[in-house]
Amino acid sequence: MKYVISLGGSIINPGRINTKLLKELKKIIKKSKHEFVIVCGGGRIARDYIKAGKELKTPSIRLDEVGMRATELNAELVSAALGVRRARSLEQAIKNNKITVTNGLFPGVTTDFDCVVIAGLVGAEAVINISNVKGVYNKDPKNKDAKLLKKLSYNKLIKLASEYELGQGANFIFDLAASKLASRTGIKLVFIQGLENLKKYLGKKSFTGSIVE
Ligand code: UTP
């Protein structure tokens with residue numbers, strides 16, 4: 001089976017590059033019988049550079065290109081750690097390899113969106129989003145009474161993503177465009193925190209997280 005992993009930049013580098021996590025990810029992937037496409041996000045570097053570009057009145061689409069370069073830097077490190085060359089285009093990212101590592105591929109979207117496109121083209125079982133929250137919550141998980149949704153529909157995900165998009169600067173776990181594309185293409189989305197849950201999910205064991213299908 002093939003899985004697409006969305007590895008956010010804030011997971012790769014939450015202030016300091018998380019080499020422990022990358023070593024563990026390498027072990028899991030090398031041991032697994034499955035095939036993986038790992039799409040790396042840009043995280044704080046992307047956000048800092050985009051913020052600077054905005055102050056410099058740079059056109060928005062050029063800022064996307066700036067953000068993409070940050071995703072490339074992370075993907076270069078992750079691909080080197082996993083002993084593969086970074087896939088630099090959609091064509092390269094959908095080749096049938098055991099391990100593929102890529103980055104943002106088209107200006108104007110996010111790596112969540114890229115993951116859904118790739119998953120559709122390679123016929124992946126699911127997009128697995130690894131983030132720093134347990135999964136999808138019914139409201140901003142900063143709220144104490146926020147509840148983790150273990151299973152939800154595409155429509156619920158789209159509703160939550162739209163609500164966040166209307167809010168000021170709030171960052172939802174999976175952006176609206178990617179959520180809509182997942183709904184249209186019927187790609188299963190799995191949201192987890194931490195590699196223990198990744199192992200459990202891949203091993204078909206009970207895990208903590210959310211499934212959208
Ligand atoms: P990310 O996908 O990393 O954004 O892309 P994110 O979700 O905010 O960050 P993390 O990594 O999950 O924490 C960063 C920026 O790069 C540009 C967009 O501007 C995006 O906001 N980008 C990324 C593209 O234009 N195209 C892509 O395919 C990917």
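Indexing begins at 1, ligand by ligand and atom by atom, following the structure's order.
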Notebook entry, point to check: Heavy-atom contact under 4.0 Å between Glu65 and ligand 1?
Noted result: no

Checklist line | Transitive ILVMFWY side-chain link Ile5 to Phe174, under 4.5 Å | finding: no

List the closest protein heavy-atom neighbour of [atom]: residue, atom name, distance to the nearest 0.1 Å.
atom                    : answer
atom 14 (C) of ligand 1 : Ala46 CB, 3.8 Å
atom 1 (P) of ligand 1  : Thr111 OG1, 3.5 Å
atom 12 (O) of ligand 1 : Gly8 CA, 3.6 Å
atom 26 (N) of ligand 1 : Phe106 O, 2.6 Å
atom 13 (O) of ligand 1 : Ser10 OG, 3.1 Å
atom 22 (N) of ligand 1 : Val109 O, 3.2 Å

Checklist line | Identified side-chain contact (heavy atoms from CB on, under 4.5 Å) counterpart of Leu25 within the set Leu198, Ile11, Ile12 | finding: Leu198

Which segment of [X] sits under 4.0 Å of ligand 1 when only heavy atoms are counted:
X      : value
Asp114 : side chain
Arg47  : side chain
Asp175 : neither

Notebook entry, point to check: Any side-chain donor-acceptor pair under 3.5 Å between Lys2 and Asn96?
Noted result: yes

Notebook entry, point to check: With no hydrogens and no angle check, do the side chains of Asn13 and Arg44 hold a donor and an acceptor under 3.5 Å apart?
Noted result: no

Check: If hydrogens are left out, which of Gly9, Gly104, Cys115 has an atom nearest to atom 10 (P) of ligand 1, that is, the closest non-hydrogen atom?
Finding: Gly9

Next item on the list: Name the option, out of Asp64, Ile50, Asn13, that contains the heavy atom nearest to atom 15 (C) of ligand 1.
Entry: Ile50

Next item on the list: Would you check whether Gly42 has a nitrogen or oxygen atom less than 3.5 angstrom from a nitrogen or oxygen atom of ligand 1?
Entry: yes

Margin query: Would Pro107 count as a polar contact of ligand 1, with the cut-off being nitrogen or oxygen pairs under 3.5 Å?
Written below: no

Next item on the list: Mind checking side-chain hydrogen bond (donor to acceptor under 3.5 Å, both in side chains) for Lys188 and listing every partner two or more places apart, or none if nothing turns up?
Entry: Glu125

Next item on the list: Determine, counting only non-hydrogen atoms of the protein, whether one lies under 4.0 angstrom from atom 19 (O) of ligand 1.
Entry: yes

Check: Is any heavy atom of the protein nearer than 4.0 Å to atom 4 (O) of ligand 1?
Finding: no

Check: So does Glu24 pair up with Lys20, basic N to acidic O under 4.0 Å?
Finding: no

Item checked: Pairing of Glu76 and Arg69 as salt bridge, 4.0 angstrom limit -> no

Margin query: Minimum heavy-atom separation for Lys30 and Ile99, please, with both atom names.
Written below: CE-CD1, 4.1 Å

Expected list for residues 201-213: side-chain donor-acceptor pairs under 3.5 angstrom, two or more places apart:
from, atom 1, to, atom 2, distance (Å)
Ser210, OG, Val136, N, 2.8
Ser210, OG, Leu149, O, 2.6
Glu213, OE2, Lys151, NZ, 3.1

Next item on the list: Kindly assign one of parallel, tilted or perpendicular to the pair Phe172 and Tyr164, based on the angle between their ring planes and the thresholds 30° and 60°.
Entry: tilted

Margin query: At less than 4.0 angstrom from any non-hydrogen atom of Leu105, what atoms of ligand 1 do you find?
Written below: 27 (C), 28 (O)

Notebook entry, point to check: Can you list the ligand 1 atoms lying under 4.0 Å from a non-hydrogen atom of Gly41?
Noted result: 3 (O), 11 (O)

Note to self: Distance check, rounded to the nearest 0.5 Å: Asn197 atom CG versus Lys134 atom NZ?
What the structure shows: 9.5 Å

